[in-house]
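Numbers here simply count residues along the sequence, with the first being 1.
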Amino acid sequence: MNTPAHLLFGAALFARPSCPGTPVAAVLGALVPDLSLYFMAATSIWVLGIPAERVFRELYFSDEWQAVFAVDNSIPLWSVLLAFALWRQKPILVAFASAGLLHLACDLPLHNEDARRHFWPLSDWIFRSPLSYWDPRHHGQIVAPLEMAFAVLWTAILWRRFAGWRARTFFGALLALELAPHLMFHYLL
């Protein structure tokens with residue numbers, strides 16, 4: 001899934017207006033598994049001047065980058081964090097860890113060639129799903145519209161739950177970030 005969809009889904013399931021801090025925690029938890037990719041790609045492209053094509057065709061698949069992704073995409077590590085949060089009865093940390101785990105649960109069946117080591121440090125095994133959220137060679141043309149539809153649904157749920165203009169603007173902006181690339185790609189090509 002694209003990152004904005006992860007944020008919307010995490011917030012829809014784990015952000016509660018009645019529990020202050022959970023909206024931010026859920027959004028951040030859903031973001032963290034992708035954060036290292038954004039940081040390393042942005043640094044490589046904008047600071048080091050490496051062409052984007054090389055970043056996403058070579059560096060992304062390098063052992064060094066995959067080692068970083070193994071840590072922030074580790075289902076065992078996120079599970080330990082969630083268990084700790086539940087044990088200590090910390091609702092904000094529960095929202096954070098739950099949204100991070102949800103991100104990984106959604107990524108696992110939707111990544112093929114770009115799959116990660118989700119079971120590190122217990123295993124270096126990589127599940128290469130027959131589905132992809134973006135690649136038409138792996139049914140991306142079916143998965144992407146479904147992702148967009150779910151993003152609209154999650155945004156509607158969040159708009160009902162959060163009446164404030166800041167929250168609605170934020171979730172609306174996430175929906176726009178989710179839909180814009182799909183729509184531009186569809187209409188430009």
Side-chain angles (χ1 to χ4, degrees), residues 1-39 69 72-111 114-116 118 127 129 131-135 138-186:
M1 286 174 31
N2 289 298
T3 304
H6 283 298
L7 304 184
L8 289 167
F9 195 15
L13 285 185
F14 304 112
R16 296 288 176 263
S18 60
C19 188
T22 60
V24 171
V27 168
L28 290 176
L31 175 64
V32 167
D34 285 345
L35 211 52
S36 63
L37 170 61
Y38 285 127
F39 176 76
F69 300 154
D72 57 17
N73 282 258
S74 170
I75 291 172
L77 294 182
W78 281 95
S79 296
V80 167
L81 181 61
L82 178 58
F84 174 79
L86 291 167
W87 174 60
R88 299 297 297 166
Q89 299 179 12
K90 302 287 185 185
I92 293 171
L93 191 55
V94 168
F96 177 84
S98 296
L101 270 171
L102 177 65
H103 180 131
L104 303 180
C106 291
D107 273 0
L108 192 65
L110 298 176
H111 282 265
D114 55 349
R116 297 178 177 176
H118 287 295
F127 173 67
S129 174
L131 302 175
S132 170
Y133 73 99
W134 66 272
D135 190 343
H138 301 286
H139 312 289
Q141 74 280 11
I142 297 169
V143 175
L146 290 172
E147 177 184 322
M148 288 189 294
F150 277 111
V152 170
L153 173 66
W154 299 323
T155 302
I157 289 168
L158 289 163
W159 272 47
R160 286 196 62 175
R161 188 178 303 151
F162 294 92
W165 69 269
R166 286 187 200 120
R168 287 184 169 183
T169 300
F170 177 73
F171 295 127
L174 286 177
L175 180 62
L177 288 171
E178 172 66 24
L179 299 179
H182 294 289
L183 297 175
M184 288 188 312
F185 183 74
H186 177 73

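Residue pairs meeting the side-chain hydrogen bond (donor to acceptor under 3.5 Å, both in side chains) criterion with at least one member in residues 100-111, sequence neighbours excluded: His6-His103, His6-Asp107, Asp34-His103, His103-Asp107, Asp107-His111, His111-Asp114. Applying the ring pair (Phe, Tyr, Trp, His ring centres under 6.0 Å) rule to pairs touching residues 14-39 yields nothing, sequence neighbours excluded.
The distance from atom NE2 of His118 to atom CG of Leu101, rounded to the nearest 0.5 Å, is 11.0 Å. Rounded to the nearest 0.5 angstrom, Tyr133 OH and Leu110 CG are separated by 9.5 Å. Once rounded to the nearest 0.5 Å, the distance linking CZ of Phe170 with CG of Leu7 reads 6.0 Å. In this structure, Leu177 CG and Asn2 CG are separated by 10.0 Å, a value rounded to the nearest 0.5 Å. Atom CE of Met1 and atom CG of Leu8 lie 8.5 Å apart (nearest 0.5 Å).
Between Gly140 and Pro145, the shortest heavy-atom contact is O-CD, 4.0 Å. The heavy-atom pair separating Gly10 from Ala99 by the smallest distance is CA-CB, 4.2 Å. Looking at every heavy atom in both residues, Phe162 comes nearest to Ala167 through CB-CB, 3.7 Å.
Annotation: side chain of Leu104 is in contact with side chain of Pro33 (closest heavy-atom distance under 4.5 Å). Thr155 has its side chain out of reach of Leu174: every pair of non-hydrogen atoms, C-beta onward, lies at least 4.5 Å apart. When side chains are defined from C-beta on, Phe96 counts as touching Val32, because their heavy atoms get closer than 4.5 Å. In this structure the side chain of Leu102 never reaches within 4.5 angstrom of the side chain of Ser98, judged on heavy atoms.
Under the rule for a side-chain hydrogen bond (donor to acceptor under 3.5 Å, both in side chains), His139 has no partner lying at least two apart in sequence or in another chain. For the ring pair (Phe, Tyr, Trp, His ring centres under 6.0 Å) test, no residue two or more places apart in sequence or in another chain qualifies with Trp134.
The closest donor-acceptor contact from the side chain of Glu178 to the backbone of Ala151 lies at 3.5 Å or more, if one exists at all. When atom types are taken as modelled, the side chain of Glu147 and the backbone of Ala5 share no donor-acceptor pair closer than 3.5 angstrom. Without hydrogens or angle criteria, Arg116 side chain to Asn73 main chain gives no donor-acceptor distance under 3.5 Å.
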Side-chain polar contacts of residues 16-25 - donor-acceptor pairs under 3.5 angstrom, sequence neighbours left out - could you list them?
residue, atom, partner, partner atom, Å
Arg16, NH2, Leu13, O, 3.2
Thr22, OG1, Arg16, N, 2.9
Thr22, OG1, Arg16, O, 3.1
Thr22, OG1, Cys19, O, 2.8

Please list every donor-acceptor pair under 3.5 Å in which a side-chain atom of residues 75-87 meets a protein atom from a residue at least two apart or in another chain.
residue, atom, partner, partner atom, Å
Trp78, NE1, Asp72, O, 3.0
Ser79, OG, Ile75, O, 2.7

### Task
Dump the intermediate steps for side chain to side chain contact (heavy atoms under 4.5 Å, CB included) on Phe9 and Phe150, then the final yes or no.
CA-CA 8 Å; Phe9 195 15; Phe150 277 111; over 6 Å; no
